[in-house]
There are 2 protein chains.
Amino acid sequence: MIKEKGLSYTQAREELIDLLLHASTPLSYDNIKNSLSMDKATFYRNTALFEAAEIISSFESNDKKRYYFIEQNLHPHFICTNCNSIECLKEDIIYALNGYKIESITIKGLCPRCQKNE
Amino acid sequence: MIKEKGLSYTQAREELIDLLLHASTPLSYDNIKNSLSMDKATFYRNTALFEAAEIISSFESNDKKRYYFIEQNLHPHFICTNCNSIECLKEDIIYALNGYKIESITIKGLCPRCQKNE
DNA sequence: AAATTAAATGCAACTAAGTCGCATTTAATA
DNA sequence: TATTAAATGCGACTTAGTTGCATTTAATTT
């Protein structure tokens with residue numbers, strides 16, 4: 001996967017891909033810094049590289065942090081503006097936009113739990 | 001509009017609402033700081049307040065800045081991951097998500113111009 | 001209309017996610 | 001194994017956004 005894109009294989013990169021592959025939701029540096037053996041700078045340099053190589057995608061959440069994920073099949077991510085939780089939406093809302101290339105879809109609003117407690 | 005939500009009417013708030021109402025795309029503080037007579041702190045305090053009152057919405061773009069807008073009719077915003085441009089999409093891709101309240105939709109990818117130059 | 005008071009503002013100091021320069025280490029190739 | 005270009009770690013730095021506090025302003029009371 002890494003080699004396929006012409007990038008050299010390192011332990012840090014393998015570790016990072018592995019974490020993202022097995023995650024059930026997008027992850028921020030903060031989420032996984034304790035599980036990472038690499039430095040913060042290395043994390044960000046590699047995520048930038050992987051994004052450019054289109055191995056991973058990311059978005060900025062409400063909490064000022066960037067979340068990274070490997071897009072298995074294009075699906076929207078929902079961010080709750082109240083509790084900041086992030087979840088993957090199952091519903092396959094795939095639309096083609098003429099001339100655009102879609103990399104990720106983010107929907108913001110209130111999750112069911114927060115909407116109830118309004 | 002401001003009064004309707006039980007907020008007190010000030011010159012700064014009127015100015016802010018006015019700018020966002022007449023904007024054709026979402027705006028960041030950086031975009032309009034030269035047109036604003038209020039302080040940065042006041043800008044951010046008021047945007048936070050307006051968001052809580054559901055008068056405005058916002059999203060974080062690729063450039064680490066937050067963009068604010070008044071949602072006239074729910075439509076997606078497209079952010080180009082290459083040139084960071086932001087545009088409003090006309091196509092009404094409105095879907096109901098059971099139990100969720102949708103406040104904004106952001107689609108990231110390559111805009112037509114950047115996709116051509118790949 | 002002046003007095004009162006709670007809320008809004010400006011200023012400057014601060015916070016923290018993410019970036020950068022540089023010395024050191026590691027992966028890939030000869 | 002030797003070579004070299006790329007990857008890493010560390011610490012300093014950047015900057016969008018936040019916070020504390022003194023001052024001003026809007027809304028209400030008398």
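Labels below follow one simple rule: chain letters A, B, ... track the order of the sequence lines, proteins then strands, and each chain is numbered from 1.
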same_hphob_cluster(A:I102, A:L89) at 4.5 Å side-chain heavy-atom cutoff:
yes
Using a 4.0 Å heavy-atom cut-off, does A:S61 contact any base of the nucleic acid, only the sugar-phosphate backbone, or nothing at all?
nothing
Have a look at A:R66 and say if it touches a base, only the backbone sugar-phosphate, or nothing, with a 4.0 Å heavy-atom cut-off.
sugar-phosphate
Have a look at B:T47 and say if it touches a base, only the backbone sugar-phosphate, or nothing, with a 4.0 Å heavy-atom cut-off.
nothing
Of all heavy-atom pairs linking A:E71 and A:E103, the shortest is OE1-O, 3.3 Å
Residue whose nearest DNA chain C nucleotide is more 5′ - B:S37 or A:Y29
B:S37
Tell me: CD of B:E60 to P of C:dA17, nearest whole Å?
13 Å
Reference residue B:H77; test ring-ring contact (aromatic ring centres under 6.0 Å, His included); the match among B:F59, B:Y67, B:Y68:
B:F59
Report which part of the nucleic acid A:D30 touches: base, sugar-phosphate, or nothing (heavy-atom distance under 4.0 Å, all strands).
nothing
With a 4.0 Å cutoff (strictly under), does any side-chain N or O of A:S8 reach OP1 or OP2 of D:dA7?
yes
State, without any angle test, whether B:D39 and B:T42 hold a side-chain donor-acceptor pair at a distance under 3.5 Å.
no
Taking donor-acceptor contacts at under 3.5 Å, does the side chain of B:K40 reach the base of D:dG17?
yes
Distance check: side-chain N/O of A:Y44 vs OP1/OP2 of C:dT19, anything under 4.0 Å?
no
Side chain of A:R13: nearest nucleotide among D:dA7, C:dA17, D:dA16?
D:dA7
Is the phosphate of C:dG10, meaning OP1 or OP2, less than 4.0 Å from a side-chain N or O of B:T42?
yes
Tell me: CG of A:D63 to C1' of D:dG17, nearest whole Å?
13 Å
Side-chain atoms of A:D39 come closest, of C:dC11, C:dT19, D:dG9, to D:dG9
Could you tell me, to 10°, how much the axis swings from one end of the helix from C:dA1-D:dT30 to C:dA30-D:dT1 to the other, five pairs per end?
40°
Quiz item: A:R45 side-chain donor-acceptor pair to C:dG18 base, under 3.5 Å
no
Does a nitrogen or oxygen in the side chain of B:T10 sit under 4.0 Å from OP1 or OP2 of C:dA7?
no
Non-hydrogen atoms of B:R13 and B:S8 that approach each other most closely:
NH1-O, 2.9 Å
Round to a whole Å and report the spacing from NZ of B:K5 to C1' of C:dA8.
20 Å
For the pair A:R66 and A:E60, find out whether any cationic side-chain nitrogen is under 4.0 Å from an anionic carboxylate oxygen.
yes
Heavy-atom nearest pair, A:Q115 first then B:G99, reads OE1-O, 2.7 Å
